[in-house]
Amino acid sequence: MKFDELKARKPNEKKLITEINTLTKELKEVKDAKEAIKVVQKSFKLSDKIDTNFTVISIHHSINTNDKKISKLSDICDEVGPKLSPASNEFDHAIMDSKFKPELMKKFGETMFARIENSFKIFKPEIVPDKIKENQLVNKYQQIIAGAQIEFRGQTYNLSSIGKFMSDKDRDTRLEAAKAYYGYLEAHDSELGQVYSDLVNVRTNIAKILGFKNAIEYEYHCLGRLDYSADDVAKYREQIYKEVVPVVLKIRKRQAKRIGVKKPIFVDYNLEFANGNAKPAGDSAYLVKCASKMYHEMSPITGDFFDKMANDNLLDLDAKPGKMTGGYMTYISKLKMPFIFSNSNGTSSDVDTLTHEFGHSFQGYLGSTIKVPGNRMPTLEACEIDSMSMEFFAWPWMNLFFNEQADKYRYAHLCGALTFLPYGCEVDEFQHWVYENPEATHEERCKKWAEIDHKYRPDFDYTGFEYAQGHLWMRQAHIYQTPFYYIDYCLAQVLALEFKCEMDKNREKAWSKYVKLLKMGGKYPFLTLLKKAHLRNPFDNGNVKKVVRPQIKVLNSFDDSKM
Ligand SMILES: [Zn+2]
C-alpha cells in the first residue's frame, strides 16, 4: 500500500470513545490472563488505527497549510486528541488494576508499565480544555511561520526557501536576505510574543492542576524522561560551556579568516567558504538517486528500505508555498513505514536532512516489528542518536552528492556538529528560565535570550540586526511546539560523535552497534538503553571531552584554506 492510498478521514470522537470504553469493559471482565492479553493486543490495534489517521492528516496539513479541507480536519484532531485521553486513561487504569497484571507485565515488558505510571502523573480530565488550547496555540504559531511570504529581489519566498540567500557568498545578498527574514519576524513580533506567552501560561496552569512544582517538571514527564532530571541537564550544559564553547570560538575565528570578513556579524557565519558553501550537485530527485545508491552500498537492508520509501511516495522533500518549515520523520502504523518531510532549498542542508531523517526512518522501520506501540520508538533524545549518527555513517558517500566538493561538505558538517552544541544549550537554558519565571513579559524574555546568547556565543555581533539579538529564538519552532526537546539534539550529538569516533576506528563494529541500538526501539528508558548499547552516559563529567577532542584532530586533518 502506498501513502496516497491512505485516506484522511474525519475522526469520529463518539465512536472512538465507545471503542476504547468497550475494551476497558472487556478487560475488567476477562476470566484469565490469556483473555486479558488478547484485549490489550486489541487496544494496540485500535491505537494504531487512530494514530494512522491522525498522522495522515498531520502530514497532509504540514505539506499544504493552505488546503482548507485538511486544515479543518487538523483542527478537529487538535480537539479530538485530548478528548480521547480520559477514555484511554480509564483503559490504562484497567490494565494497572487487572488481576492479571503480573502476566501482562511478563508478556509486554516493564517499560510499558512504567510509561503508564508516568502517564497517570501527566493526566487529569481537568486539563483537557488546556490541552486543546495548547494545540490551537501551536497551530497558530505554525500558521504564522508557514504563512510567511517574503519579497526578496522581485520574488516571493518562505522562511525556508529564503535561507539559501542568507548563506550566499556575496555579502550584500546575505545581509539583505537576513534583513528580509528578520523583518518578517519583527513585523509579527507582538503576535508571536503573545502566542508564546499564552503557551507558557497554559503549560504552567496544566502543571499546577497536576500538582507539579512548575511546567519544567511537567514537561520532563511528558518527554518520558524517567531516569534523569533538570539538574543533570544543567550539569551537562556546564560541560558544553566549558569544553565546547572555547573550541567553537576557534572554529569561527578560522572561518572568518577563510571567508575573508574582517568584522563578521552573526549572519556571515552562514557562509563557510569564500567561494561558496558546498552545494549538492542536483535537485531533490537527484539526491534521491544518490541516496538509493548509497543505501544499497551501506547495507542490503538500508538499500531496499530506502527504495521502498521512494516508491511508495513516503518522501516529500521540496519547499513549496504553504508548506510548514523544517523537516521531520513520522511513523505510519498501518503501513509499518515512516514518512520523511523536508524543505529542500538547494543547500547542503538538503543532504543533512535526508540522511538525518533517514536515520530516524531506519529506526522506525527496524522497530516496526515491536508489538507494543509505545515501545517501537525510544524517547526523543535517543531518537536523535539514530538520525545524527546516520549523518556521519553517510560520510564515505558524500562524493556522490557533492562531487569534488565532498570534503568541503564533510569539514563544514563536522564544524556544524560542534558549533551547534552551544546554541542547543542556549535554547535549553532559555526555556528553563522561561518556565521558572512564567510571569515574565515578552520583552523580559527577549532580554534574557540576548544575555544567554552572549554567554554561549560571545563572539556573535548583531550590528545592524539589533532586533535579531533578542528575538532570534522565535524562529526556533521547538520552543513553541515541544518545550525542552531541544537539549535532546545536544545529548544525541555527543553520542553521534561517539559513533563517529568508533567508525573512524572500526566501521563494521560501529555499524553493528548502531543497528543493535535501533532494534531495541523504546524498550528501555534513555540511560538503560545507552548501557545496553554500550554507549557512554553523556551526563557523566568528562564524557563530552572524550568525543570532542578526537574530532578536533579530525578537523585539523583537513586543509580548509584550500577548499
Ligand atoms: Zn531528528
Side-chain angles (χ1 to χ4, degrees), residues 55 58-59 62 138 142 145 160 163 222-225 233 287 291 295 302 305-306 309 314-317 319 323-332 337-345 347-368 376-395 413-414 416-421 423-425 427-428 431 475-500 514-515 517-518 520-522 526 529-530 533 535 538:
T55 304
S58 141
I59 292 171
S62 61
V138 167
Q142 288 168 341
I145 295 296
S160 294
C222 291
L223 288 167
R225 292 177 179 174
V233 173
L287 297 188
Y295 285 124
T302 45
F305 166 56
F306 182 82
M309 285 195 80
L314 293 161
L315 307 170
D316 195 282
L317 307 179
K323 190 169 173 176
M324 277 183 200
T325 54
Y328 66 75
M329 160 268 172
T330 186
Y331 179 76
I332 305 171
M337 285 291 283
F339 185 97
I340 292 181
F341 167 101
S342 70
N343 275 281
S344 298
N345 61 4
T347 66
S348 61
S349 72
D350 298 355
V351 178
D352 297 335
T353 309
L354 191 57
T355 53
H356 178 102
E357 300 305 340
F358 183 79
H360 283 309
S361 303
F362 189 38
Q363 193 288 315
Y365 183 63
L366 292 179
S368 65
R376 284 183 203 135
M377 250 183 251
T379 40
L380 295 172
E381 69 297 70
C383 283
E384 297 306 334
I385 307 172
D386 311 337
S387 52
M388 291 170 131
S389 305
M390 179 56 90
E391 294 178 34
F392 290 120
F393 275 115
W395 266 33
H413 179 225
L414 186 51
L418 295 168
T419 54
F420 169 73
L421 291 168
Y423 172 69
C425 287
V427 170
D428 189 59
Q431 295 186 83
R475 66 174 202 181
Q476 196 63 63
H478 305 70
I479 293 179
Y480 283 78
Q481 293 167 354
T482 320
F484 304 106
Y485 176 8
Y486 216 66
I487 196 69
D488 293 7
Y489 293 105
C490 295
L491 293 167
Q493 186 70 279
V494 164
L495 287 147
L497 288 172
E498 186 176 338
F499 268 116
K500 167 93 172 57
Y514 175 72
V515 172
L517 169 75
L518 267 55
M520 283 192 276
F526 183 52
L529 188 72
L530 296 186
L535 288 161

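Note that ligands are numbered from 1 as they come in the structure, with each ligand's atoms numbered from 1 the same way. None of the values given here were measured: they were computed from a predicted structure.
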Engineer: If the condition is salt bridge (charged side-chain N to carboxylate O under 4.0 Å, His left out), which residues does D386 pass it with, not counting sequence neighbours?
Structural biologist: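 D386 satisfies salt bridge (charged side-chain N to carboxylate O under 4.0 Å, His left out) with no residue once adjacent residues are dropped.
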Engineer: Is there a donor-acceptor contact under 3.5 Å from the side chain of S387 to the main chain of G359?
Structural biologist: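 Answer holds: no.
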Engineer: When you measure from the side chain of N343 to the backbone N and O of M324, does any donor-acceptor pair fall under 3.5 Å?
Structural biologist: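 At least one qualifying donor-acceptor pair exists.
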Engineer: Using the ring pair (Phe, Tyr, Trp, His ring centres under 6.0 Å) criterion, which residues pair with Y486? Sequence neighbours excluded.
Structural biologist: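 Here the qualifying residues are F420, Y423, H478, Y489.
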Engineer: When you check the space around the Zn ion (ligand 1), which protein N, O or S atoms turn up under 2.8 Å?
Structural biologist: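 Atoms qualifying: H356 NE2, H360 NE2, E384 OE1, E384 OE2.
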Engineer: Hey, does M309 have a side-chain heavy atom less than 4.5 Å from the side chain of P338?
Structural biologist: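 A side-chain contact exists here, since the closest heavy-atom pair is under 4.5 Å.
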Engineer: Among residues at least two apart in sequence or on other chains, which ones pass salt bridge (charged side-chain N to carboxylate O under 4.0 Å, His left out) with D428?
Structural biologist: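 D428 satisfies salt bridge (charged side-chain N to carboxylate O under 4.0 Å, His left out) with R237 only.
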